K.L.:
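What follows is a single structure, and I will ask about it in a moment.
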Amino acid sequence: MKHLATLIFAFMAVFCAGGQVAVKSNLLFDAMTTPNLGMEVSVGRKNTFQIFYGLNPWTFDSSKGERKAKHWVAMPELRWWTCSKFNGHFLGIHLMGGQFNASNVDIPALPGRFFAGDDILKGVKDSRYQAWFAGGGFTYGYQWILGRHWNIEAEIGVGYDHIWYDRYPCYKCGAKIDSGESNYAGITKLGVSLLYIF
């Protein structure tokens, strides 16, 4: 919760300073049971800065035991707009970091590859992984104006993540099997977001 409090404080500071501000939610994250909040602020004639936070605290029951993909992620991003802010095409540079605890889940494969370590997307079907990750990449997106205060946005990002993990043998119990590091290159962002612009 302290991460969310920091995000809200930053939003209020910019809002009080009189900058253009948008609040957004990634509908794809919502569909995957990950509540999220993003805030984007103007920082120049053709630039905006965004901070995004998502949190999935849920554990589900299944015939194979507990199923979970618990995680939190924070993503700051600097964007450059080809026309005007909050309208049309944009290019961005994003960073990302977070933590996850996942097991007994079948995560759809995105175009990308794990190397120099475990393929974690495959591993979480039969093992439990607790991990930290950090990385970054490049974003392309587009925003459509829906009304005076409402926009919708689509974006995709490609980049790299480094993961530090501990692996366990079962979904809930058992001694740690090993620790390691892995690397991922591929899609790092995918979003369809609804925005409210102040």
Side-chain angles (χ1 to χ4, degrees), residues 3-4 6-15 17-56 69 71-100 107-114 120-121 133-163 183-198:
H3 305 286
L4 185 57
T6 302
L7 193 64
I8 292 170
F9 177 77
F11 164 74
M12 294 305 294
V14 172
F15 185 74
Q20 191 174 17
V21 178
V23 178
K24 61 177 67 177
S25 179
N26 184 338
L27 304 178
L28 298 183
F29 269 50
D30 292 330
M32 294 184 294
T33 67
T34 302
N36 63 92
L37 177 66
M39 295 179 191
E40 187 172 0
V41 299
S42 58
V43 291
R45 192 170 66 86
K46 284 196 169 187
N47 295 97
T48 58
F49 178 77
Q50 170 181 281
I51 184 75
F52 172 86
Y53 180 79
L55 173 68
N56 184 321
H71 66 273
W72 67 264
V73 60
M75 289 187 192
E77 180 175 76
L78 181 64
R79 292 177 167 182
W80 176 79
W81 297 79
T82 61
C83 184
S84 59
K85 295 172 291 188
F86 301 105
N87 182 22
H89 301 275
F90 64 85
L91 300 173
I93 299 173
H94 65 270
L95 299 174
M96 61 193 311
Q99 188 177 15
F100 64 85
I107 300 173
L110 292 172
R113 185 170 182 270
F114 284 89
I120 294 173
L121 286 184
F133 62 92
F138 301 95
T139 309
Y140 165 75
Y142 193 92
Q143 274 192 27
W144 293 268
I145 297 172
L146 300 179
R148 184 178 174 194
H149 292 286
W150 294 96
N151 278 14
I152 194 162
E153 167 187 290
E155 64 177 333
I156 187 168
V158 294
Y160 165 82
D161 274 312
H162 188 78
I163 301 122
N183 299 278
Y184 167 82
I187 291 180
T188 49
K189 292 188 74 177
L190 196 59
V192 176
S193 299
L194 186 64
L195 296 78
Y196 183 85
I197 302 172
F198 290 87

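All of these numbers come straight from a predicted model, not from anything done at the bench. Keep in mind that the numbers below use all heavy atoms, side chains included, and drop hydrogens, waters and symmetry copies.
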K.L.:
Measure the spacing between CD1 of I156 and OH of Y140 and express it to the nearest 0.5 Å.
P.N.:
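If I round to the nearest 0.5 Å, the distance is 11.0 Å.
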K.L.:
Report the distance from atom NZ of K46 to atom CH2 of W80, rounding to the nearest 0.5 Å.
P.N.:
5.5 Å
K.L.:
Would you please test I145 and N151 for side chain to side chain contact (heavy atoms under 4.5 Å, CB included) and show each step?
P.N.:
CA-CA 5 Å; I145 297 172; N151 278 14; 3.7 Å; yes
K.L.:
Tell me, please, which residues at least two apart from K189 pass salt bridge (Lys or Arg N to Asp or Glu O under 4.0 Å).
P.N.:
E77, E155
K.L.:
Quick one: list whatever passes side-chain contact (heavy atoms from CB on, under 4.5 Å) with W144, sequence neighbours left out.
P.N.:
Y142, I152, A154
K.L.:
Could you go through F198 and Y196, starting from their C-alpha distance and side-chain angles, then the distance that decides it, and tell me whether this counts as ring pair (Phe, Tyr, Trp, His ring centres under 6.0 Å)?
P.N.:
CA-CA 7 Å; F198 290 87; Y196 183 85; 5.1 Å; yes
K.L.:
Scan L190, T34, N56 and name whichever one has a side chain to side chain contact (heavy atoms under 4.5 Å, CB included) with F29.
P.N.:
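Looking at L190, T34, N56, the match for F29 under the side chain to side chain contact (heavy atoms under 4.5 Å, CB included) is T34.
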K.L.:
Applying salt bridge (Lys or Arg N to Asp or Glu O under 4.0 Å) as the test, list every pair that has at least one member in residues 83-97; sequence neighbours left out.
P.N.:
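Pairs touching residues 83-97 that pass the test: none.
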K.L.:
If you look only at pairs with a residue in residues 137-146, which of them pass as a salt bridge (Lys or Arg N to Asp or Glu O under 4.0 Å), with sequence neighbours excluded?
P.N.:
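Applying salt bridge (Lys or Arg N to Asp or Glu O under 4.0 Å) to every pair that reaches into residues 137-146, excluding sequence neighbours, yields nothing.
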K.L.:
Where is the tightest heavy-atom contact between H94 and T139, given as atom of each residue plus distance?
P.N.:
ND1-OG1, 2.8 Å
K.L.:
Using a 4.5 Å cut-off on heavy atoms from C-beta on, say whether the side chain of L121 contacts that of Y184.
P.N.:
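Side-chain contact under 4.5 Å: no.
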K.L.:
To the nearest 0.5 Å, tell me how far M75 CE sits from T188 OG1.
P.N.:
7.0 Å
K.L.:
Under a 4.5 Å cut-off applied to non-hydrogen side-chain atoms, are L194 and S25 in contact?
P.N.:
no
K.L.:
Taking side-chain contact (heavy atoms from CB on, under 4.5 Å) as the test, write out the residues that go with L78, two or more places apart.
P.N.:
V43
K.L.:
Counting only heavy atoms not in I93 (residues, nucleotides, ligands), do more than 12 fall under 6.0 Å from its CD1?
P.N.:
no
K.L.:
For F138, does the CZ atom have more than 12 heavy-atom neighbours from other residues, nucleotides or ligands under 6.0 Å away?
P.N.:
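Atom CZ in F138 is not packed in, count stays at 12 or less.
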K.L.:
Grab the two heavy atoms, one from N26 and one from N36, that are nearest each other, plus how far apart they are.
P.N.:
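So the minimum-distance heavy-atom pair works out to N-OD1, 2.6 Å.
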K.L.:
Is a side-chain donor or acceptor of D161 paired with a backbone partner of G135 at a separation under 3.5 angstrom?
P.N.:
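Yes, D161 side chain to G135 backbone: donor-acceptor pair under 3.5 Å.
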K.L.:
With a 4.5 Å heavy-atom cut-off, do F100 and I120 have their side chains touching?
P.N.:
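Answer yes - side chains close enough.
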K.L.:
Kindly compute the distance separating CD1 (I197) from CG (L146), expressed to the nearest 0.5 Å.
P.N.:
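Taking CD1 in I197 and CG in L146, the distance rounds to 9.0 Å.
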K.L.:
Under the criterion side chain to side chain contact (heavy atoms under 4.5 Å, CB included), I'd like the reasoning laid out for H162 against N183: C-alpha separation, chi angles, the key distance, then a yes or no.
P.N.:
CA-CA 5 Å; H162 188 78; N183 299 278; 2.8 Å; yes
K.L.:
What do the steps show when you test Y53 against M39 for side chain to side chain contact (heavy atoms under 4.5 Å, CB included), and what is the final call?
P.N.:
CA-CA 9 Å; Y53 180 79; M39 295 179 191; over 6 Å; no
K.L.:
Show me the pairs that pass salt bridge (Lys or Arg N to Asp or Glu O under 4.0 Å) and involve residues 24-34, at least two apart or across chains.
P.N.:
K24-E40, K24-E153
